[in-house]
Amino acid sequence: MRLSEKTQETLHVFFKNKTAVLGLCVLCAVIFVACFPWLLAPNDPLKRDLSLRYQPGFWAGQEFARFPLGTDYLGRCILSRIIWGTRTSLLVGCIAVFISTVLGVILGLFSGYLGGWLDIALMRIVDVLFAFPSILLAITIMAALGPGLEKAMIAIGIVYTPQMARIVRSVTLVLREMEYIEAEKALGASHARILWYHILPNALAPIVVYATLNIAGAILDAAALGFLGLGAMPPTPEWGAMLSGSNKALVSGAWWAVAFPGVAIMVTVLGFNLLGDGMRDLLDPRLRM
Amino acid sequence: MKNPVLSIENLKTYIATYRGFVRAVDGVTFKIREGETLGLVGESGCGKSMTALSILKLYPKPQGRIMEGAIYLDGEDLVLKGEEEMQKIRGKKISMVFQEPMTSLDPVFPIGEGIMEVLMIHQGMSRKAAEKEAIELLRRVAIPDPERRMHQYPHQLSGGMRQRAMIAQALACRPRLLVADEPTTALDVTVQAQILKLINDLKEEMQTSVLLITHDLGVVAESCQMVAVMYAGKIVEKAEVRELFAHPLHPYTRALLSSIPRVDGGKGRLEAIPGSVPDLINPPLGCRFHPRCRERLSICDKEEPTLKMVDKEHELACHLL
C-alpha cells in the first residue's frame, strides 16, 4: 500500500516523538490485556480462599509463585483481578470521558462563539454544576439513575462536562477574535462552517490533552462510586474497587493489595497522558518543522 | 465614463462604547468605477479600516451599527441585505485582503485548502475541480511549484508568499471589488513592490475594482487612479492621483505630503503634524482638523465644511477655498 505524502509526514512526525510512541506502546499493551484477559491471567479472578488471605507474592520466595502479586482480603489472586479489571476500568474511563467531551465541546463552542444570553444561560448552568463537589454530584445523579456501572459512566460523564465546556468556551473566545476567522467571514464562510471547520480544529489540541488527562480522573471516580456501592458491583474486578476494597490491607501490612491496582491505574493514565501530549504536537502544524 | 461598481453615500458607522458612540465612519461618500483603484489614505484610527469592514458588513457586532447611508454594489444596497445574503456576496463579489498575512490564514489548513474552500462555497465546485483551479490560481500569483506548495501550511511560507496566497484566495471567484486593507504594511520593501504589482496586474486581468487602504502615500502614487484622504471619520479631499500630488489643497493633505522624506529634499527637519487624531466620541466642533491646522480661520471651529467640487475630479472639504 502506498501512503500519501501527507500521511507519511504525519506518521514521521509522530514516530519521531519518543514519548508519544512510548505512550502508544503502553496503551496498546493495556488494550491487549483488556481484550484477552483469559490468555494472561494465571488464576480465576473470582475464586476466593479465606485461608490464603493477604498472601505475599513472588518477592517472598518460590512457594508463593502461585499468586505472583499476592492475594487480597478474600484470598483472591491480585494479578488475575488486575488483568480482568483492565477492560472494565478502561471502558469506564473512555466512555465517561467521551460523554463529557462531546457534551462539553458542543456547549463550549456554542457558548463561546454565539455569546449573548445563550452564553450567560449555559455558563450559569455550568456554574451550578461546579458548585457541587464532583463526587457528591455523581452520587446525586446516580441516585436518580440507579446503581450500575453503565450509569456510573453516564454520571461521571456529566460530572466532567462543566470543566470541558469551560475550557472549550475559553479557547473559542480567543479563537473567535483571531484575524483568520475574520478573514474567513470576509470570504463568505457561514457561521456553521467557521465553527466546525475553523474553530474546532484549532481548539482540538487543548481538548485532546484535557480529555486524556480526564480519563485518569474518571477511572478514580468510578472507583469511588464502586466503593459506595454505586459503581462496579462486587465481585466484578475493577481497579478502583480493588483499591477501595483493600483499605484495611495497609493496616495488616499487605501493601501489595493496594500498590498493584494503583500501579495499573498509574501506568494506564501515564500512557494516555503521553499519547495526549504527542497528539497535541501532531495536531499543531506549527510544531511540525 | 464607466459605471461605478461601488458607490457609498453618506455612510455612518458608529460603535457603541461605555463612554458613548465612537463615530468611526461619519458621513463618507465615494465611488469606485469599474477597473479603477481608489486609495483611501489617512492616519491610524481615522476610520479607514472601519469603512472597509462596513462595506463587507463585518464591523464588530453588536457594538457597531450602520446608522445612516447606503452602500451600492452594482446598484444593490448592501445596507439592506441580511447576514445570509451577505455571506453569498463576501468572497464572491467583494473580497478582502488583510494586513497581516501571518495571522489571517488559518494555521491548521494548508494554503491550497483555503482557496478550494472559497471555490467550493461560492462556485459549487467539486473537490477535484477546486484543486485544479487552486493550483492555477497559485501559479497565477507567482507561487513557485504550486502543486507542492498548496499542501503547505501558512507557517511554512514567507510573509510575501502568504500574502500571495491570500490574494489568490480573495480573487478566486473574480470578485467585482477587492478591498485591500494595508496589504503591504507588514511586508518588507522589496516584497511590497511585487505585491502591489501583482494586485495591479490581476486587477487589469480580472476587471476588478480595488479599494486600497493605506497610510503610505508612496503606495498610492504607485497603484491608484483616485485618492480619498480621510481624517477623523470623514473624507476631507478626494482627487485624481496626479492632481492630488500636484495640487494638494487641504491643509491636512499638504501636511501628510510634507511629512514624507524626499530624496531631493533639503537638509531641514522632516515635518510632522502636531497633535494626534481627535477623540471620535466627542469630535471637535466645526472642521475636525482645526485644532491641528496651521491655516485655520475663525469660522473653522464653528461651521463644518462640506465636500465641494473645486475642479473636475477634485473635491475638497475646507473653508480656505
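In the text below, chain A, chain B and the rest are named by the order of the sequence lines, each starting its count at 1.
- When B:E84, B:K57, B:E83, B:H122 are compared by the number of non-hydrogen pairs under 4.5 Å with chain A, B:H122 comes out ahead.
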Note to self: Determine whether A:K185 and B:M86 satisfy the following criterion, side-chain contact (heavy atoms from CB on, under 4.5 Å), listing intermediate values before the conclusion.
What the structure shows: CA-CA 10 Å; A:K185 287 185 190 160; B:M86 281 311 295; over 6 Å; no
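- Counting non-hydrogen atoms of other residues, nucleotides and ligands closer than 6.0 Å to NZ of B:K203 gives a total above 12.
- Between chain A and the residues B:S104, B:G91, B:P62, the most heavy-atom pairs under 4.5 angstrom are made by B:S104.
- For A:R124, the CZ atom sits in a packed shell: over 12 heavy atoms of surrounding residues, nucleotides or ligands are nearer than 6.0 Å.
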Margin query: Assess the residue pair A:R193 and B:I121 against the criterion (side-chain contact (heavy atoms from CB on, under 4.5 Å)); give the C-alpha distance rounded to whole Å, side-chain angles, the decisive distance to 0.1 Å, and a yes or no.
Written below: CA-CA 10 Å; A:R193 196 178 181 89; B:I121 295 175; 3.5 Å; yes
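- Shown here is B:K128, whose NZ atom has no more than 12 heavy atoms of other residues, nucleotides or ligands within 6.0 Å.
- Distance check: A:E179 CD to B:Q99 CD gives 7.0 Å after rounding to the nearest 0.5 Å.
- Residue A:Y180 holds its OH atom at 15.5 Å from CE of B:M102, rounded to the nearest 0.5 Å.
- Donor-acceptor pairing under 3.5 Å is recorded for the side chains of A:H198 and B:E117.
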Next item on the list: List the steps, then state whether side-chain contact (heavy atoms from CB on, under 4.5 Å) holds for B:T103 with A:M178.
Entry: CA-CA 7 Å; B:T103 55; A:M178 298 304 277; 5.7 Å; no
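- No more than 12 heavy atoms of other residues, nucleotides or ligands sit less than 6.0 Å from atom CZ of B:R65.
- Heavy-atom pairs under 4.5 Å with chain A peak, among B:L58, B:V97, B:V179, B:I94, at B:L58.
- When heavy atoms are compared at a cutoff of 4.5 Å, A:E182 approaches chain B by way of both its backbone and its side chain.
- With chain B as the partner, the residue from A:G115, A:A186, A:A183 showing the most heavy-atom pairs under 4.5 Å is A:A186.
- With a 4.5 Å cut-off on non-hydrogen atoms, B:L105 touches chain A through its backbone but not through its side chain.
- Put simply, CG on A:L187 and CE on B:M96 are 10.5 Å apart, with the number rounded to the nearest 0.5 Å.
- For the residue pair A:Y197 and B:F109, the shortest heavy atom distance occurs at O-CE1, 2.8 Å.
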